Amino acid sequence: MAIDYSALPSPCFILDERLLRRNLAIVREVQDRTGVTILLALKGFAMFSAFPLLRQYLSGVTASSLHEAVLGSEEFGGDVHVYCPAYRPQEIGRLLDLGSHITFNSLSQWERYRTELQASPRAISPGLRINPGYSPVTTELYNPCAPGSRLGVSATQLGEKLPDGIEGLHIHNLCESDSRALEFTLRLVERDFGRFLPALRWLNLGGGHLMTGEEYDLEHLYSLLRDFRSRYPNLRLVLEPGSAIAWRTGYLLATVLDIVPTAELPVAMLDVSIAAHMPDCLEMPYRPHIQGALEATSGLPTYKMGGLSCLAGDVVGDYSFKQPLKEGDRVVFDDMIHYTMVKTTTFNGINLPSIGIWREDDRFELIREFAYEDYRNRLS
Ligand SMILES: Cc1ncc(COP(=O)(O)O)c(C=O)c1O
């Protein structure tokens, strides 16, 4: 059943449960066919009201901060893999209590905390993040292997031997990537870090595997992972995607408040902010898809979409529509579930969009609304 947006609150992030289950079914298939473990990267998607569904398909989460580790442990359960670019002395104890695996970004951080880890009464498996010096990502902001990157230890820094006690390696160099990029990465890992692999317990291949994307070659992924596992039966292979889990699983519903004429295109002023509610559109940058809108086409009513903040660049566009937009019209941005809710701010004091779920039985459930207190509580 098509969603009737006119009856829903605006602005609102709407998770489409059916689409999420579709992605999760693919993720389960990958696990079943290859024996790898797939975790949810909370940094990309941490909508905990959806965890009961996710838990049916995934055995745990990966956390990049203490707060994510607490959320994963309290709301998701299962394995909590922890990786922070650097650990704070006042947080490490709590992380060692919560995590099942912990990855260190540098040799000095491992040395700094190894005694504490080895004294912990809990079994938590330590690993090291390696940097293969290759990433297919061309946007510098998202490239973990750019020259001078602070993320991970290079093969030359490691020398011939891993520090005693390290049980796993962690690598993250992909972003919305295909299986060919993973294949190339695995080849580099074997070439430059292969000497360590036979003695290790796990290899975490990070995120960025867009296995739920329409173009993704799943058969190739299956054979790649199976093949790698057969060469290293000692290794538990872990993947920790964020984007792929929530890829194209929902919307950001907005409403037109005004149409502002300018010397160029008219701007449709919305009740959302691009900067505060979908910042990747400006950071990447990219032009989000709007339902029913077309590429800018001469002869059709064409607009930029304007955000609610006073930031001059809080705009995205250009879009053509079959009919002119007017106050009160609904505008639905597609694919607004990953890296949105986790990145929102209350910049300008703008209220956060509500959060809802379009259930599999075609019922809308409003999960959360925000208010003045949410803005105030972030300040002092
Ligand atoms: C270490 C690590 N793991 C996993 C992810 C999730 O990546 P993605 O959401 O692209 O799958 C990221 C994203 O930045 C990351 O830095």
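Numbering of residues begins at 1 and proceeds along the displayed sequence. Whatever order the structure lists them in is the order used to number ligands and atoms, beginning at 1. Every heavy atom of this structure was used, including side-chain atoms; hydrogens, water molecules and symmetry mates were not. Note that the structure is predicted; figures quoted are calculated from it, not measured.
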Exercise. Just need the protein heavy atom nearest to atom 5 (C) of ligand 1, so name the residue and atom and give the distance.
Key: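 For atom 5 (C) of ligand 1, the nearest protein heavy atom comes out as His172 CE1, 3.6 Å.
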Quiz item: What residue and heavy atom of the protein are closest to atom 15 (C) of ligand 1, and at what distance?
Solution: Lys43 NZ, 3.1 Å
[X] to ligand 1, any heavy atom closer than 4.0 Å:
X      : result
Ala244 : no
Gly44  : no
His170 : yes

Quiz prompt | Distance under 6.0 Å and angle within 45° of ring axis: Arg28 vs Tyr57 | solution =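 Yes, Arg28 lies over the aromatic ring of Tyr57.
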Self-check item: Stacked cation flag Arg287 on Tyr319, 6.0 angstrom / 45 deg
Solution: yes
Under a 3.5 Å cutoff, is there a donor and acceptor pairing between the side chains of [X] and [Y]?
X      : Y      : answer
Asp280 : Tyr142 : yes
Thr34  : Arg226 : no
Ser309 : Asp314 : yes
Arg180 : His220 : yes
His170 : Glu240 : yes

Of the side chain and backbone of [X], name the one, both, or neither that has a heavy atom under 4.0 Å from an atom of ligand 1.
X      : answer
Glu240 : both
His338 : neither
Ser243 : both
Tyr142 : neither

Exercise. Compute the shortest N/O to N/O distance between Tyr339 and ligand 1 and return yes if it is under 3.5 Å, no if not.
Key: yes
Quiz item: Can you find an N or O of Tyr83 that's nearer than 3.5 Å to an N or O of ligand 1?
Solution: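 Such a contact does not occur with ligand 1.
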Exercise. Indicate yes or no: does Asp361 engage Arg363 in a salt bridge with an N to O separation below 4.0 Å.
Key: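 Looking at Arg363 together with Asp361, the answer is yes, because their closest N to O distance falls below 4.0 Å.
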Quiz item: When you check the gap from the basic side-chain N to the acidic O, do Asp164 and Lys161 get nearer than 4.0 Å?
Solution: yes
Going by the atom numbers of ligand 1, which of them fall below 4.0 Å from some non-hydrogen atom of [X]?
X      : value
Gly242 : 6 (C), 8 (P), 9 (O), 11 (O)
Gly208 : 7 (O), 8 (P), 10 (O), 11 (O)
Pro241 : 11 (O)

